[in-house]
Number of protein chains: 2
Amino acid sequence: MTYRYDHPRPALTVDCVVFGLDEGDLKLLLVQRSQEPFRHRWALPGGLVGMEESAERAARRELEEETGVRDVYLEQLYTFSAVDRDPRERTISIAYYALVKMTDHVVRAATDAGGAAWFSVTDAQDLAFDHDLIVHTACERLRGKLRYQPIGFELLPEKFKLSQLQRLYEVVLGTPLDKRNFRKKILAMDLLRPLDEVEQGVAHRAARLYRFDSRRYQELRRRGFNFEL
Amino acid sequence: MTYRYDHPRPALTVDCVVFGLDEGDLKLLLVQRSQEPFRHRWALPGGLVGMEESAERAARRELEEETGVRDVYLEQLYTFSAVDRDPRERTISIAYYALVKMTDHVVRAATDAGGAAWFSVTDAQDLAFDHDLIVHTACERLRGKLRYQPIGFELLPEKFKLSQLQRLYEVVLGTPLDKRNFRKKILAMDLLRPLDEVEQGVAHRAARLYRFDSRRYQELRRRGFNFEL
DNA sequence: ACAAAAGTGTTGGCCCTACACCCATGA
DNA sequence: TCATGGGTGTAGGGCCAACACTTTTGT
């Protein structure tokens, strides 16, 4: 099987769709390109996969190098391989999506050349390469995943109020939810630990804070429990 | 951005997990390797991605070249990129899974050297490379997908009886289903067209045949309908 | 006549939906 | 005292699970 060594090969990259939540606004982390092609256009953070690292490692490395973001929820999304997706040469990209707690992760300023910045998903358009398509794919995946797996918590701070969680679901799923029914359902799952803390300094009744109990979730899942909505 | 042209690059392949259903037995289509490494071991059909074809095209091409199977339901599964997954050199594989109607697709005989053959999923073990892992991933995906999208029909003949459909669900999901409830639910969706035909030559009451109405499904989906179980 | 699978309805309980008012807090 | 979001219960309907016998056909 020596024939393999002679073949021309596509370049192989990773790209990351990084989601964050800011006051009920779903955001994306983008970087501005400083070189051609697509110079000055915004693009997904990403880059070449090294010979000694898995694709996921490459994604995490690029994410940290380009935006300073690390230690986040990261999952493979899809591999994009259209022949003409990169005008320079044949390039295949393994796309990942990440969920970050924006409160925890401060990102490099956008004012720097080549800096990173958060955009509302609705504003993230006309990106470099086929990144519009990748973003669209990621949004659909996030919507689907959120209904069937408790990953929304990855977008919230450790301690959050139920109304934050509800707003998150409303934003991502695109439908309003009934407050009483939402609370009943999510609390009935017994996945949230109520804390003895309430939010501080608000001009109305202070909300109780909760924390997602992931131990409990693992436990329930082993017993055949399936998260939904 | 000229640095890219100098870099060593991983080889890039596709692999296909091909599912078929045979009398209520879930099967996999494998090919026997004729070369090292893993000579004589069974493996997933697949091969290198060409410079002028997308990964999906490569998957379809390899599938036809190695097994004669074509025109099937095919979907991207996952991209496997562990550094040591190929002992020869760094190789990344974009895995696909396919669903074929075994009655329609006759496959090249396994007796040929390098031939293809169907294996029960439970027997498909000790495959070449990381193909055990790929198969396992595909089985999980199939299970998940089957519950939320009407793709089971891709494994059945055009005309099928409800008991075949039920057995399919039972096999893939691994749980017995109640006959009356199953029929009520699936018929209530109004996705199956009853035919004026019944099966022939059986030593018991002949079953009515049905056909999946995919036009109807597209229609319902545009109106917000979501298939489930 | 028997073996083997096809086909068919009802009931009880659970869950989901719809819906409106009082509470606590800071300004 | 007002504005703002936090927090709570119930009733009706639809959906799901459980369950057993009759029908048809070939041998």
Rounded off to whole Å, could you give me the [atom1]-to-[atom2] distance for the [X] and [N] pair?
{"X": "B:Leu162", "N": "C:dA6", "atom1": "CG", "atom2": "P", "answer": "9 Å"}
{"X": "A:Phe160", "N": "D:dG6", "atom1": "CZ", "atom2": "P", "answer": "14 Å"}
{"X": "B:Gln166", "N": "C:dG7", "atom1": "CD", "atom2": "P", "answer": "12 Å"}
{"X": "A:Asn226", "N": "C:dC15", "atom1": "CG", "atom2": "C1'", "answer": "17 Å"}
{"X": "B:Glu23", "N": "C:dA4", "atom1": "CD", "atom2": "C1'", "answer": "15 Å"}
{"X": "A:Leu229", "N": "C:dT17", "atom1": "CG", "atom2": "P", "answer": "8 Å"}
{"X": "A:Met189", "N": "C:dC15", "atom1": "CE", "atom2": "P", "answer": "12 Å"}
{"X": "B:Leu165", "N": "C:dA6", "atom1": "CG", "atom2": "P", "answer": "12 Å"}

inquiry  = On DNA chain D, compare the nucleotides closest to A:Val198 and B:Lys185; which residue's is nearer the 5' end?
reply    =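 The residue mapped nearer the 5' terminus is A:Val198.
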inquiry  = Using a 4.0 Å heavy-atom cut-off, does A:Arg183 contact any base of the nucleic acid, only the sugar-phosphate backbone, or nothing at all?
reply    =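 Result for A:Arg183 = base.
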ask   = Can a salt bridge be assigned to the pair A:Glu219 and A:Arg215 using a cut-off of 4.0 Å between side-chain N and carboxylate O?
value = no
query = Are A:Ser163 and D:dG6 close enough that a side-chain N or O sits under 4.0 Å from OP1 or OP2?
reply =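 Result: yes.
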inquiry  = Quick check for you: to the nearest 0.5 Å, what is the distance between A:Phe38 atom CZ and A:His131 atom NE2?
reply    = 8.5 Å
query = Parallel, tilted or perpendicular: which fits the ring planes of B:Phe227 and B:Tyr169, with parallel below 30° and perpendicular above 60°?
reply =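 Aromatic pair B:Phe227/B:Tyr169 classed tilted.
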ask   = Centroid-to-centroid, B:Tyr148 to A:Tyr148, below 6.0 Å?
value =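 Yes, ring centres under 6.0 Å apart.
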task = Taking atom types as modelled, find out whether B:Tyr73 and B:Glu75 have a side-chain donor-acceptor pair closer than 3.5 angstrom.
result =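 B:Glu75 and B:Tyr73 do have a side-chain donor-acceptor pair below 3.5 Å.
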message = Would B:Thr79 and A:Thr79 count as a side-chain hydrogen bond (donor to acceptor under 3.5 Å, both in side chains) here? Give the steps.
response = CA-CA 7 Å; B:Thr79 298; A:Thr79 297; 2.5 Å; yes
key: Letter per nucleotide, 5' to 3', of nucleotides 19-27 of chain C [B base touched, S only sugar-phosphate touched, - untouched; heavy atoms, 4.0 Å]   = BB--BBBS-
inquiry  = Quick one, B:Cys16 and B:Tyr97 - any side-chain contact, counting heavy atoms below 4.5 Å?
reply    = no
